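The figures that follow rest on heavy atoms only: side chains count, while hydrogens, waters and symmetry mates do not. Computed from a predicted structure; not experimentally measured. We count residues from 1, following the sequence as given.
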Amino acid sequence: APLFAQPSYAAAVPENAAASDLVLVVSAADTDEGANADLTFAVVDVRYRDAPCGACNEAFAIGSTSGAVGAAVQAAVVVSNGTVLDRERWPLGLDVTVQVCDGGVPQRLCTEASVAVTLSDVNDNPPAWDVQATPHTVVVGEEAGLGTLVAGLVVTDADEAGTANAEVSLAVTGDSCRPGQFGIGADGRSLVVAGGLDREAHAVCVVEMTATDGGSPSFQARINVTVEVSDHNDSPPVFTARLFRFAVPENATINSTVGCLATSDADSELVDLVFALQPARAGDILPFSINASGCVLVASALDYEASTRVQLYASVSDQVHTSDQVSVSVDVTNVDDNPVTLANSECNRTSLVETCCFDALDRDGPVEVTLQPPVPKGTRLLLHGSGKYCIKAPESVGVAGTQVFLRTTGVGGSNTTVVIPATMTADPPPSSSSWFSDGSNIALLVLAILIALVVVTLLLYWQHRKSARVAQSQNQAEQNGEHGEEDDAASLPGGVRLPPRSSRPPTHLPPMNNSTTHPPLMNNQASAAPKDSVLPGQTTPVRNESET
């Protein structure tokens, strides 16, 4: 019978070997001659762990003889066509049985040998995330320090353990919030905090992690883990404004709402806020309170007449942090809640009076006072200063027992009708003492005297100006008479003609300086002349011009 060169063989082949790739060469020899020495080879069985492996039965083939080398005949074991080897499926390799038979007649003799085929690993599998062991969503507090565990990570690789193909490394390759917040722990299989967290800035982050094996070429696999950052009370509450202004009527009921203060707190999950109010001035009574919602309430009765504006300070605390104080200004609006009253009245006497006065008061504001019928004809209501009124009876009222009805209308429309029980009498004739006792009459008298003085001064000034103009006219006329070139041209007022210069009596004047002009006659010289004078050659007396 033919014999193999050795009873067993061992070979290794890459798991990605292609069809017809050589696995190994076996050899056999037969001591017979002729046809009895013709050898034929065949693969008769393929097993995995001593068990049929189904698809692997056709994994290998053996070629025809390659001819004799000495007394031995060689045959090549190759990978069959269409076979896909998979080390991950058959990690312990395959046991192949090869057979060699001679060509003896009538009986062929055969011999078998075993071939242990090891499948060499090839990096043909990417890393695989264990989605059952690796959480999809985790929660971590924003106060977590560096290195705090966020999640454990499980990843595998089907390639041969202990080889680079199965060596997997992890890395954080993406962060939807801020890079650097998370990283891979020192053990290489955990997600940890790598930077400061801030829920107010980023409450939910999606972290991408990548697993890479050491094969060449390498394979990668990615997974996303959602990290929810839980709140920590690290932010103080704040008011949305530095000043809040409200208005409330003075008749507002206790616990009625004046207005609400708006606040915000970045730690939105912490809603237990505590508000506080205090007066702007220490020691003042606080007529308002504030509830847990930040609404200002009326705490005690308000009075516009006592205080029209209340200034407050407000603060809010989240029981860890307290905000800065803000100002709250509440305007108390007026309401007609006080009756009109009469004070200091002189009109409650029963004796005969000509005038009686009283004060009309309303704490809510000014008072309008009117007389209400029936009122004696001619009765007058006089206002003397703010809120001071007087009733003055006419001369026609002289009957004892006359009463005056008074209607006072206050702010807001409230009104009161009052009956003045005074008995009014007629006015007596005015006396000088009573006339001068009135300050307003004295003022009128002084004004009249001043006006009279101004008028007299203007008349005297006008008369003086008129006299000056007359004197100036006289002086000018006399100057023209002495220096005229034509005697007949000189004339006096009223059409009187002067005689020729040659027939006039000589006039002896004192010697003059070397001046060619004569000084004008003075007013006293003119007045020294006789009122009526007759010039030579004239029969009609000439009237002094000053008399005209």
key: Pairs meeting criterion disulfide bond (SG atoms under 2.5 Å apart) with involvement of residues 209-248, two or more places apart   = none

Ignoring hydrogens and angles, write down the donor-acceptor pairs under 3.5 Å from the side chains of residues 102-118, residues two or more places apart or on other chains.
from, atom 1, to, atom 2, distance (Å)
D102, OD1, G104, N, 3.3
D102, OD1, L109, N, 2.8
R108, NE, D102, O, 3.1
T111, OG1, P2, O, 2.4

ask   = Do V138 and V140 come close enough that some side-chain heavy atom pair is under 4.5 Å?
value = no

Residues in salt bridge (charged side-chain N to carboxylate O under 4.0 Å, His left out) contact with D303, at least two apart in sequence or another chain = R363

task = Tell me, please, which residues at least two apart from D198 pass side-chain contact (heavy atoms from CB on, under 4.5 Å).
result = E142, E200, A201

inquiry  = Any side-chain to backbone donor/acceptor pair from T134 onto V154? Under 3.5 Å, distance only.
reply    = yes

remark   = Correct closest heavy-atom pair for N334 and E250 would be OD1-OE2, 2.9 Å

key: D231 vs R199 side-chain heavy atoms within contact, under 4.5 Å   = yes

task = Applying side-chain contact (heavy atoms from CB on, under 4.5 Å), name anything that partners A247, two or more places apart in sequence or on another chain.
result = D331, T333

key: Donor-acceptor contact below 3.5 Å, side chain D213 vs main chain F219   = yes

request  = Taking the side chain as every heavy atom from C-beta outward, state whether N123 and P217 have any pair of such atoms under 4.5 Å apart.
outcome  = no

Expected output: side-chain S80 to main-chain E58 donor-acceptor under 3.5 Å = yes

query = Do V298 and V258 come close enough that some side-chain heavy atom pair is under 4.5 Å?
reply = yes

query = If we only count heavy atoms from C-beta on, is the L153 to W129 side-chain gap below 4.5 Å?
reply = yes

message = Run the side-chain contact (heavy atoms from CB on, under 4.5 Å) test against E208 and tell me which residues pass, sequence neighbours left out.
response = T173, T210, R222, N224

ask   = What are the two closest heavy atoms between L197 and F182, and how far apart are they?
value = CD2-CZ, 3.9 Å

request  = Please name all residues satisfying salt bridge (charged side-chain N to carboxylate O under 4.0 Å, His left out) with D284, sequence neighbours left out, ordered by chain then number.
outcome  = R281

Summary of side-chain hydrogen bond (donor to acceptor under 3.5 Å, both in side chains) pairs that have at least one residue in residues 87-101, sequence neighbours excluded = R87-D121, E88-N125

ask   = Are any non-hydrogen side-chain atoms of Y48 and P91 less than 4.5 angstrom apart?
value = yes

query = For R49, what residues pass the salt bridge (charged side-chain N to carboxylate O under 4.0 Å, His left out) criterion, not counting sequence neighbours?
reply = none

query = Can you check whether G214's main-chain N or O pairs, donor with acceptor, with S218's side chain at less than 3.5 Å?
reply = no

message = Suppose the criterion is disulfide bond (SG atoms under 2.5 Å apart): which pairs have a residue in residues 203-240, not counting sequence neighbours?
response = C177-C205

Positive for side-chain contact (heavy atoms from CB on, under 4.5 Å) with P127, one of T156, I223, L170, D157 = D157

remark   = P237 meets the side-chain contact (heavy atoms from CB on, under 4.5 Å) criterion, sequence neighbours left out, with D265, L273, V316, D318, H321

task = Would you please test V13 and L119 for side chain to side chain contact (heavy atoms under 4.5 Å, CB included) and show each step?
result = CA-CA 5 Å; V13 61; L119 301 179; 3.6 Å; yes

ask   = Are V26 and L24 side-chain neighbours, meaning at least one heavy-atom pair lies under 4.5 Å?
value = yes

key: Qualifying residue, where the test is side-chain contact (heavy atoms from CB on, under 4.5 Å) with Q181 and the options are V193, V207, D175   = D175

inquiry  = Donor-acceptor pair, distance only, cut-off 3.5 Å: does the side chain of Q278 make one with the backbone of Y313?
reply    = no

ask   = Who pairs with D21 by salt bridge (charged side-chain N to carboxylate O under 4.0 Å, His left out), at least two apart in sequence or on another chain?
value = none

key: Pair Q325, S315: side-chain N/O donor-acceptor within cut-off below 3.5 Å   = no

ask   = Considering only heavy atoms from C-beta outward, does the side chain of F246 approach that of L261 to under 4.5 Å?
value = yes

